[in-house]
There are 2 protein chains.
Amino acid sequence: MSTPGPRRITIKDVAELAGVGVATVSRVLSGGSASAETRERVLDAATKLDYRPSALGRNLRQQRSGGVALLVPDITDGFYARLCDGVLSCARSYREPVTIGVTGDDAEQEADLVGGLLEQSMDRIIAVPTGDGEMWASAVRAGLNVVFADRRVWSPGQHARALDEVPAVLTDDRAGLRTAIEYLTGLGHRKIGFLARQGMSHRVAAFREVMGDLLDEDLVVFARASRDSAYAAAAGLFQRRADLTAVIAGGNMLGEAAVLAARELYVRIPRDLSLIMFDDVPWAELCSPPLTVIAQPASDVGYRAAELVLRHGRRPRTVSLPTELIVRSSCAPRR
Amino acid sequence: MSTPGPRRITIKDVAELAGVGVATVSRVLSGGSASAETRERVLDAATKLDYRPSALGRNLRQQRSGGVALLVPDITDGFYARLCDGVLSCARSYREPVTIGVTGDDAEQEADLVGGLLEQSMDRIIAVPTGDGEMWASAVRAGLNVVFADRRVWSPGQHARALDEVPAVLTDDRAGLRTAIEYLTGLGHRKIGFLARQGMSHRVAAFREVMGDLLDEDLVVFARASRDSAYAAAAGLFQRRADLTAVIAGGNMLGEAAVLAARELYVRIPRDLSLIMFDDVPWAELCSPPLTVIAQPASDVGYRAAELVLRHGRRPRTVSLPTELIVRSSCAPRR
DNA sequence: AATGATGATGGAATCGTTTCCATGAGCACT
DNA sequence: AGTGCTCATGGAAACGATTCCATCATCATT
């Protein structure tokens, strides 16, 4: 014996009360043409009945569900949290709901999530992609409206074409790294390490390029997505190479791990080791010593990506947002 | 001239290929009864055609869209980020998409978001509620399946009944505060302040109660949702009351503000002021000095809340998860 | 052998919207 | 007045699933 409950008010009810056909109501409500008088009658009836169109009916008819999907590697990472916030705040102004998925920087989970979205007939997605070019290419072919954020997928061979069409909002990692590395070399550092995480190949590539002759391949290390793995990578690097005098952490979790590992191993920052971290998180200033960082406009990245996917107007290929080196106290001249 | 594209595979195609009616296909696919042979034929056809049921059709028919909504005050706050992560990870195992909204601790935005969800026919929602009992009561009456997380709405007067039925997953703030306050009084502190944010009235109430005779109403201050406001509140308190010897920050953003304000005002922690912060964030250990915190299982809160809203089985009224005092170096005996 | 119970099955209705198409009215122009 | 054009308008057909209900076969019981 379930509650009968008040039946939902449909477009039919409105049509009836206004004395017009449902088609007319639909037109009026979605801005089509109608005579002034009819329009008023319909609007009146709709208000009187407190009519709310059902997204369900509309979605089925239009063969697409509204809203935007957002895929990030880890929502617990301050950077991606801010990125989400940017997306959310833009989507809000369009009154579009946002569905969030966490990939954990894992290609399989990513593919799973995209599959789920297709099933939901979501056709707009903002993604921080994780690797698999093939998957993204086929998603694009399937009609998915993709915008990449923070990084784009490296396009190997044939699907290059399809993926290069995908708009992306990135930060200018290369410029940030160049500034950071110039700052470090200016302090006399030559042995500079890089702490990366899987999926940061773009940053690693930029690091390699900017370092040029100074590059020591043995000084760039990769961690998996977890905090533990980041710690292990940092500690490993510090122990293995005592000649290291400076290190750049590719993200705030890597930076956190570096500070922790340094403390654990009695490596003093900045006396023994200079540290620069990607991403200016609030605690960078609270840390001891306060960390010199490469600040990224995470929230703007999200906002712009959302604009791109929602406005759907002219779509520029790629937007690149500036980074900024914020000097605090975690770097010192090489001794 | 739009691409005709491969028509979507519907249940009808499967029925045709299997030589059965659509009803039978639907039954087989959703676990109804069917003869072994029919079942096999249908399953075969479905695989052969790579059939994916359309969530749109199903949703319209069942008058509800799948998925869960999640409302948090601020996704940029590490605590809520972890809460989201917990929800996401539980929802993932049910293959349910999660729609996230940010309320900014603002009742109006919250009401807006809930309205949007209703329009989408979302009927399951996990919320960190912000105040307006009337709104939540009417949402529940409208058939929305609500689970509160982290805090519940204070139910004034008549809708108490409806809202008390709403399940909630909370942390045991009271116990956490009791432990913290006992620890502080054990160190000799008597003038203990509390930094709160709007929407933390439950914690403030607990603080008041546990403090008992020691309570000085002038020492509990409220900030709005922003970082700036948190800083202003902390700085204001420190300047106004030089006799303050200990303070408890109601959340990690408040704690951050407290550390910053103390540094700015040359208040030394823990020498001049002992500090305990709600929520153990990774940087608490990196801070100088490392912060003593009341740890909360944020992720579990989200996970349990998601279970409650998804399993829909026996629904316990309220789940309370334990907190833990983690002693680091931000508290010292009163001098 | 007749009757009833059980279970598998498919046709058709339904959910609420948008959109195609036919109709008819009104108007301007020849 | 006749012709043609532009509009507003409403009926009906989608969209793709679930589910009610009637039908029919099979089998057991009397």
Side-chain angles (χ1 to χ4, degrees), chain A residues 2 4-43 45-46 49-67 116 118-123 143, chain B residues 2 4-43 45-46 49-67 95 118-123 143:
Chain A
S2 73
R7 200 178 45 74
R8 183 188 180 101
I9 310 233
T10 77
I11 200 173
K12 216 169 159 184
D13 301 313
V14 179
E16 205 160 321
L17 179 59
V20 300
V22 289
T24 304
V25 176
S26 173
R27 265 188 302 258
V28 168
L29 261 30
S30 45
S33 70
S35 76
E37 196 219 331
T38 313
R39 160 162 292 121
E40 195 186 351
R41 279 226 310 282
V42 169
L43 258 25
L49 294 175
D50 188 32
Y51 166 68
R52 314 283 178 107
S54 149
L56 262 33
R58 185 196 343 252
N59 289 347
L60 177 57
R61 175 60 223 233
Q62 326 216 81
Q63 293 285 74
R64 57 193 290 280
S65 60
L118 278 241
E119 189 161 315
Q120 301 285 329
S121 300
M122 287 236 164
D123 63 344
Chain B
S2 74
R7 202 176 45 74
R8 186 191 178 100
I9 310 243
T10 75
I11 199 173
K12 216 170 159 184
D13 301 313
V14 179
E16 206 159 320
L17 179 58
V20 300
V22 290
T24 306
V25 176
S26 174
R27 265 187 303 257
V28 168
L29 261 30
S30 44
S33 69
S35 75
E37 196 221 331
T38 312
R39 161 162 290 121
E40 195 187 350
R41 281 226 309 284
V42 169
L43 257 25
L49 294 175
D50 188 31
Y51 166 69
R52 315 283 177 104
S54 149
L56 261 34
R58 180 196 344 241
N59 288 348
L60 177 56
R61 174 61 222 235
Q62 325 213 89
Q63 292 284 72
R64 58 193 290 280
S65 60
R95 303 197 50 101
L118 277 243
E119 189 160 315
Q120 302 286 328
S121 301
M122 287 237 164
D123 64 344

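Here is the naming used below: chain letters follow the sequence lines, and residue numbers restart at 1 for every chain.
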Toward the 5' end of DNA chain D, by each residue's nearest nucleotide, S33(A) or V22(B): S33(A)
Rounded to whole Å, the CG-C1' distance (L60(A) to dC15(C)) equals 9 Å
Take atom CD of E16(A) as the centre, draw a 6.0 Å sphere, and report whether it contains more than 12 heavy atoms from other residues, nucleotides or ligands. no
May I ask you to evaluate whether T24(B) reaches the phosphate of dG10(C), defined as a side-chain N or O under 4.0 Å from OP1 or OP2? yes
Inspect the contact between E37(A) and R41(A) and indicate whether a charged nitrogen and a carboxylate oxygen are less than 4.0 angstrom apart. yes
Within the modelled atom types, does a donor on one side and an acceptor on the other bring the side chain of R27(B) and the base of dG10(C) under 3.5 Å apart? yes
Criterion side chain to side chain contact (heavy atoms under 4.5 Å, CB included) on T24(B) and T38(B), from CA distance to verdict: CA-CA 8 Å; T24(B) 306; T38(B) 312; 3.6 Å; yes
N/O (side chain, S54(B)) to phosphate O (OP1/OP2, dC15(D)) under 4.0 Å: no
For the side chain of R52(B) and the backbone of R8(B), is there at least one donor-acceptor N/O pair under 3.5 Å apart? no
Please classify the nucleic acid contact of A34(A) as base, sugar-phosphate, or nothing, using heavy-atom distances under 4.0 Å. sugar-phosphate
State whether R58(B) places a side-chain N or O below 4.0 Å from either non-bridging phosphate oxygen (OP1 or OP2) of dG16(D). no
For a side chain to side chain contact (heavy atoms under 4.5 Å, CB included) check, start with the C-alpha distance between L118(A) and D123(A), then their side-chain angles and the critical distance, and finish with the verdict. CA-CA 7 Å; L118(A) 278 241; D123(A) 63 344; over 6 Å; no
Once you round it to whole Å, what is the distance between P of dT18(C) and CZ of R64(A)? 13 Å
Figure out the CZ/C1' separation between R52(A) and dG16(C), and round it to whole Å. 16 Å
Whole Å only: how far is the CD atom of E119(B) from the P atom of dT17(C)? 10 Å
Checking all strands, does S30(A) fall into the base, sugar-phosphate, or nothing category for heavy-atom contacts under 4.0 angstrom? nothing
Quiz item: R61(B) side-chain donor-acceptor pair to dT18(D) base, under 3.5 Å: yes
Using a heavy-atom cut-off of 4.0 Å across all strands, would you classify G57(B) as base, sugar-phosphate, or nothing? base
Side-chain heavy atoms of L56(B) within contact of S65(A), under 4.5 Å: yes
May I ask you to evaluate whether Q62(B) reaches the phosphate of dT19(D), defined as a side-chain N or O under 4.0 Å from OP1 or OP2? yes
Heavy atoms under 4.0 Å, any strand shown: does L56(A) hit a base, just sugar-phosphate, or nothing? nothing
Verdict with supporting geometry, I9(A) and D50(A), side chain to side chain contact (heavy atoms under 4.5 Å, CB included): CA-CA 8 Å; I9(A) 310 233; D50(A) 188 32; 5.9 Å; no
Describe the nucleic acid contact of T10(B) in one word from base, sugar-phosphate, nothing, applying a heavy-atom distance below 4.0 Å. sugar-phosphate
Nearest whole angstrom, please: distance from the P of dC15(C) to the CG of D123(B). 18 Å
Would one find more than 12 heavy atoms of other residues, nucleotides or ligands at under 6.0 Å from atom CD of Q62(A)? yes
Can you work out whether V25(B) or K12(A) has the more 5'-proximal nearest nucleotide on DNA chain C? V25(B)
R8(B) CZ to dA17(D) C1': how many Å, rounded? 10 Å
Pairing string, 5' to 3', for DNA chain C - Watson-Crick or wobble contacts under 3.5 Å, brackets [ ] where pairs cross, | to another strand: ||||||||||||||||||||||||||||||
Start at the 5' end of DNA chain C and walk down; is the nucleotide closest to A23(A) or to V20(B) reached first? V20(B)
Without decimals, in angstroms, what is the distance between Q63(A) CD and dT17(C) P? 17 Å
Quickly work out the E37(B) CD to dT26(D) P distance and round it to whole Å. 13 Å
